[in-house]
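Hydrogens, waters and symmetry mates play no part in the numbers below; they use all other heavy atoms, side chains included. We count ligands from 1, going down the list as the structure has it; atoms in each ligand are counted the same way. FYI, the numbering just counts along the sequence from 1.
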Amino acid sequence: MSDLRTMSLTTRIMVGMLLGIAVGLILQFILGDEKDFIVPLGLFDLAIKGFFVDGLFNIGGQIFIASLKMLVVPLVFVSLVCGTCSLSDPKKLGRLGGKSLGLYLLTTAIAIAVAISLALIVSPGDNVTIPTDANYEAAAAPGLVEVLVGMFPTNPIDAMASGNMLQVIVFALLFGIAMALSGDSGKRVAGLFEDLNDVILKLVTLLMNLAPYGVFCLMAKLFTTIDVALIESLAKYFGVVIFALFFHALVNYSILLKVMTGLNPVMFWKKMEDACMFAFSTSSSSATMPVTLETATKKLGAKNSVASFTIPLGATINMDGTAIMQGVATVFISQVYGIDLTVNDYLMVIVTATLASIGTAGVPGVGLIMLAMVLNQVGLPVEGIAIIIGVDRLLDMTRTAVNITGDCMVTCVVAKSEGELDEATFNDPDAAKSLESLPSDKNT
Ligand code: ASP
C-alpha cells in the first residue's frame, strides 16, 4: 500500500486537488437539478449537499483559507523588517524598489498587449449574444496623489488590522531602516525579529502539511456548484483567456528569465509547482503569499533581503494574469455589443488595466470588479461583465497562479541583478523538498 505520508507534499496537494475535483463533479452529477440528495440511514436522513458540501467541505475550506490569510500580515511585516534591516544601505533599497516596480509594470503591460492581440485574432465575441439586465457600478480610477498619500499609514496597527498591504509594506520598510540605523538597540530588536521570523516560517511549514486536505475541501465544494455547461457556451472566450495565460507564463516568463538572468526556465517551473497549486485552489495571491515567499527563498534561492520586499509588493500590485483576463474580456465585450474600439482605445485599455492591477487586491474575483473600471474608461457597457461572470471562477484560479508566478520571476531577476540569488539553491532539484521537512516527516 502506498503510504500517503511518503508522498512528496506536491504530490499530496495534487492528489487532494484531483480528488476534490472528482468528488465535486460526481456530487454535481448526483444532485442534478435537485436542491439536495437525501440518503435514508435508518436512524436519521443524511443530506449529501447539506452535510458534505455546505458542511464539511465548506468548513474545511474556509478554515484553510483563514489560516493562510492569518499568516500574511505577520509574515510580511516580520520578514520585510528583517530584510530591510539586513540591507542597511538605503541606496540599495531605492534600487530594489525601482527595479521591481519597473519590471512589474513592464510584465503587466506585455501581458495585456499579448491578451488583446490574441483576442483580436480569435474574435471570441463574434456570434455570442447573451441578454443581461445586470448592473455593475464602475469604480473610479484612483488619482496618483491619492495612491501615493494612501500608501503612508496614519496608524500602522489599523493598516495591519485592515490588511492594507501597501501601508504595511511602507511601515515595515521605515521600521527596518530605523532599526538598521539604531546601533545596539537596533541589533537587539533585530535578533528578536529574526527569531520571530523563524517561528512564523515554521508555522507556514506546519500549515502546508494540512494543505492537501484544505485544497480537497475547496475543490470539492467549488466543483459541486460550478456551471460546466456555461463554459461550453463561452468556450471561445474561456479558451482565449486560458491560452493567453499559459502563453504569457510559459513563453514570456521563460524568455524574460533566460534573457535577463541566464537561469534555466525549466528549473524555475519545477520549483513553482506547489505555489501554483496553492494559488489555483485558493484563487488568492494574498492567501498564497506565505507559500510564494517560501518558494522564492527556499526553492528559487532568492535572499530574504530581496524576496521579503518583492514578493509582498508583487502580491499586492503585480497581476499579470488578471490583466490578461481584462484584455480579452474588453475585446470580447466590445465584440458582443458590436462596439468598435480604436487603436487609442486599446492603448487606453493597456494603461488602465496595468494601473488597475496595482489597485487589485489579491483575493478571489476582484479582477472582475476592476474590469468595470477598464470598460468604463473606453465607454463599453459595464453590464457586459455579467456575460462572463459565470465562467470567471475557473479563470480566476488559473490567473492567480500566473500572478504569483510573475512575482517569483521578477524576484529572481531582481535578486540576480543584486547578486542576492543563490544559484546553487536555484539549480538544486532537491531544494524543492525543503518546504516539506516537518518534524513528523522525520519519524516515517
Ligand atoms: N484572484 C486574483 C488574485 O488574487 C485577483 C483577481 O484576478 O481577481 O491574484
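- Here the rule is side-chain contact (heavy atoms from CB on, under 4.5 Å) with Thr295, and of Leu293, Thr297, Val291, Thr292 only Val291 fits it.
- Residue Pro212 is tested with Leu19, Ile13, Val15 for a side-chain contact (heavy atoms from CB on, under 4.5 Å); the sole match is Ile13.
- Between the side chain of Gln326 and the backbone N or O of Gly367 there is at least one donor-acceptor pair closer than 3.5 Å.
- Side-chain contact of Thr310 with Thr411: a donor-acceptor pair under 3.5 Å is present, judged by distance alone.
- Between Cys276 and Ile404, the shortest heavy-atom distance links the atoms N-CD1, 4.0 Å.
- For Ser285 and Thr400, the side-chain atoms include no donor-acceptor pair closer than 3.5 Å.
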Under 3.5 Å, N/O to N/O: give me all the pairs between ligand 1 and the protein, one per line with atom names and distance.
{"residue": "ligand 1", "atom": "1 (N)", "partner": "Ser283", "partner atom": "O", "Å": "2.9"}
{"residue": "ligand 1", "atom": "1 (N)", "partner": "Val363", "partner atom": "O", "Å": "3.2"}
{"residue": "ligand 1", "atom": "1 (N)", "partner": "Asp396", "partner atom": "OD1", "Å": "2.7"}
{"residue": "ligand 1", "atom": "1 (N)", "partner": "Thr400", "partner atom": "OG1", "Å": "3.1"}
{"residue": "ligand 1", "atom": "4 (O)", "partner": "Ser285", "partner atom": "N", "Å": "2.8"}
{"residue": "ligand 1", "atom": "4 (O)", "partner": "Ser285", "partner atom": "OG", "Å": "3.0"}
{"residue": "ligand 1", "atom": "4 (O)", "partner": "Gly362", "partner atom": "O", "Å": "3.2"}
{"residue": "ligand 1", "atom": "4 (O)", "partner": "Val363", "partner atom": "N", "Å": "3.3"}
{"residue": "ligand 1", "atom": "7 (O)", "partner": "Thr322", "partner atom": "OG1", "Å": "2.6"}
{"residue": "ligand 1", "atom": "7 (O)", "partner": "Arg399", "partner atom": "NE", "Å": "2.6"}
{"residue": "ligand 1", "atom": "7 (O)", "partner": "Arg399", "partner atom": "NH2", "Å": "3.4"}
{"residue": "ligand 1", "atom": "8 (O)", "partner": "Gly365", "partner atom": "N", "Å": "3.4"}
{"residue": "ligand 1", "atom": "8 (O)", "partner": "Val366", "partner atom": "N", "Å": "3.1"}
{"residue": "ligand 1", "atom": "8 (O)", "partner": "Gly367", "partner atom": "N", "Å": "2.7"}
{"residue": "ligand 1", "atom": "8 (O)", "partner": "Arg399", "partner atom": "NH2", "Å": "3.2"}
{"residue": "ligand 1", "atom": "9 (O)", "partner": "Ser285", "partner atom": "OG", "Å": "2.3"}
{"residue": "ligand 1", "atom": "9 (O)", "partner": "Asn403", "partner atom": "ND2", "Å": "2.8"}

